[in-house]
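Written out below as structure tokens is the structure these notes cover.
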Amino acid sequence: MYVGIDVGTSMVKAAAFDGTGRELAVEARPVRLDLHGGRVEQDMEEVYGAVVTVLEELTARVAEPVELAGLTGQGDGVWLVDADGRPVRAAASWMDGRAHELLDRWLADGTFEAVFRRTGSAMFPGCPGPLLAWLDRHEPKSLDAAAAAVYCKDMVFQRLTGAARVTTDVSDASMPFLDPRTRTYDEGVLELLGLAHRRDLLAPVADPIAVGRTRGEGLPPGVPVTNGPYDLPASALGAGVTSPGDGLLIVGTCLAALVATTDLDLSGEPAGLYISTDRPGHRLRALPAMVGTAALDWVLSTTGVRHEEVDGLLAETPPGAHGVRVLPYFAPSGERAPFVDPHLRAELTGVSLESTRADLVRAVCEGIGYAARHCLEAAGLTGSLAVCGGGTRSPAWMRLLADVLGRPLRVVEGEVGARGAVLAAAERHGVPLDAPAWTRPTTIVEPDTRRAAYYAEGYAEHLDRLTQARGRGGRERADGSRAAGLFG
């Protein structure tokens with residue numbers, strides 16, 4: 001069997017596949033996020049322990065030899081480790097917001113744009129550039145004690161294999177230090193961010209992805225395993241998104257729009273990033289928004305609605321939700337795609353005493369759909385669109401999403417990231433797998449022509465409201481006050 005390991009933000013999973021790509025079994029274990037004062041951290045030992053546990057449970061459940069394993073996981077953040085891959089401090093998550101004031105200064109003084117023009121990376125508070133710069137200013141001893149500042153999967157790979165030296169891959173290194181043309185670190189970016197003296201903390205880039213053999217924790221000793229790509233490009237592989245123009249929308253905790261491309265356009269509004277892949281010259285134009293299903297989860301918990309009620313509620317109210325509208329920017333650190341605004345907040349409008357729970361649920365689903373359309377258009381989608389993630393479990397939401405986007409959806413269910421990690425591992429090790437069979441969609445959802453026309457007008461209105469919200473936030477920041485709150 002083939003094993004894919006996906007070390008997510010809140011859940012660690014291991015999936016077993018047979019040679020045809022059929023999913024045999026999945027084991028999962030939750031991991032905690034420590035949230036305090038805008039900081040979001042994770043215990044590395046807990047994360048690694050969860051990896052070992054799910055692998056042990058998976059191999060006990062499926063009693064077949066493991067031929068190959070692929071590893072993927074959450075990107076960004078800062079995972080400080082010593083020479084043995086052990087934690088120096090808690091990992092700072094990609095959701096962390098402590099560096100927002102530093103990013104504000106870089107947005108104002110041109111540093112932010114200068115980095116984007118060099119590497120195609122539009123930084124956000126939880127990416128390594130701002131986080132490392134913040135730690136250098138406020139916790140220099142942590143950086144002094146570290147051998148490397150790596151990413152989640154890199155820490156796991158070193159521990160699983162006992163590798164003497166920690167490395168990363170071109171996908172994780174893409175934000176914000178990697179020059180996508182040379183596929184090496186851009187020393188000028190380090191200078192711009194005041195991190196040249198911390199250059200040694202950046203892990204060497206393994207290009208192509210690193211290979212190793214397990215040392216007996218979680219998997220039997222000697223299993224070939226590869227390190228990467230991280231979860232966004234791994235999901236693109238697992239959904240079959242490799243041809244230029246084709247796209248993937250991941251409807252998960254965050255809403256990630258990815259479009260395969262051979263182009264490199266560093267003009268326009270700085271946002272998102274270019275993710276380098278194992279194929280030189282082939283990239284993913286990625287616009288990962290901060291909030292996806294998390295926005296719906298907030299509305300469900302606030303209104304006391306269970307997840308299994310969503311499909312029924314979506315059927316209770318018509319498109320437009322009786323005038324209720326939602327700008328779905330709920331993240332405490334603002335938004336990062338297809339624009340960067342650390343102070344943008346969600347807004348609900350059109351709510352009255354006559355508004356129902358169904359209106360609120362449909363409005364937030366529509367708002368997320370509009371945000372997705374904005375990201376996909378900015379990413380340059382011209383071909384087919386695959387969809388994966390937890391949101392695909394709601395057939396009614398997928399129908400709504402097809403209508404809002406105005407295009408068919410290739411819905412790919414199951415552990416798409418883990419599947420992509422296996423395909424990447426097979427390519428790296430020269431194992432012939434039938435990629436089209438492995439990435440065949442579960443179903444295709446076609447849009448309704450009449451509803452799609454209605455939502456095209458709603459999307460234009462969404463963009464107008466967004467422009468107004470960003471304008472209000474800019475004026476309030478100029479006055480020294482807080483950006484617009486939840487109810488604007």
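The structure displayed is predicted, hence computed values, not measured ones.
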Sidechain N-carboxylate O distance under 4.0 Å for Glu27, Arg29
no
Run the side-chain contact (heavy atoms from CB on, under 4.5 Å) test on Tyr329 and Asp341 for me, step by step, so that the C-alpha distance in whole Å, both residues' side-chain angles and the decisive distance to 0.1 Å come before the verdict.
CA-CA 10 Å; Tyr329 306 104; Asp341 188 339; over 6 Å; no
Whether Arg159 and Glu45 form a salt bridge (side-chain N of Lys/Arg under 4.0 Å from carboxylate O of Asp/Glu) is what I want to check.
yes
Among residues at least two apart in sequence or on other chains, which ones pass salt bridge (Lys or Arg N to Asp or Glu O under 4.0 Å) with Asp34?
none
Presence of salt bridge, Arg22 and Asp18, under 4.0 angstrom
yes
Side-chain ion pair, Asp278 and Arg428, N-O less than 4.0 Å
no
Going by salt bridge (Lys or Arg N to Asp or Glu O under 4.0 Å), name the residues that satisfy it together with Arg440, two or more places apart in sequence or in a different chain.
none
Please report the C-alpha distance between Ser10 and Met95 in whole Å, then the side-chain angles of each, then the deciding distance to 0.1 Å, and finally whether the side-chain contact (heavy atoms from CB on, under 4.5 Å) criterion is met.
CA-CA 11 Å; Ser10 58; Met95 299 175 69; over 6 Å; no
What are the two closest heavy atoms between Val54 and Lys13, and how far apart are they?
CG2-C, 4.3 Å
Apply the test salt bridge (Lys or Arg N to Asp or Glu O under 4.0 Å) to residues Asp169 and Arg183: give CA-CA distance (whole Å), side-chain angles for both, the deciding distance (0.1 Å), then the verdict.
CA-CA 10 Å; Asp169 78 306; Arg183 299 164 70 88; over 6 Å; no
Less than 4.0 angstrom from a charged side-chain N to a carboxylate O is my criterion; do Arg61 and Glu57 meet it?
no
Can we say Asp6 and Lys153 salt-bridge, meaning some charged N sits less than 4.0 Å from an Asp/Glu carboxylate O?
no
Is Asp96 salt-bridged to Arg98, cutoff N-O under 4.0 Å?
yes
Distance-only, no hydrogens or angles: does the Thr253 side chain make a donor-acceptor pair with backbone N or O of Ala294 under 3.5 Å?
no
Ion pair Glu101/Arg105, N-O distance below 4.0 Å
no
Could you go through Leu401 and Leu249, starting from their C-alpha distance and side-chain angles, then the distance that decides it, and tell me whether this counts as side-chain contact (heavy atoms from CB on, under 4.5 Å)?
CA-CA 11 Å; Leu401 192 59; Leu249 181 66; 3.9 Å; yes
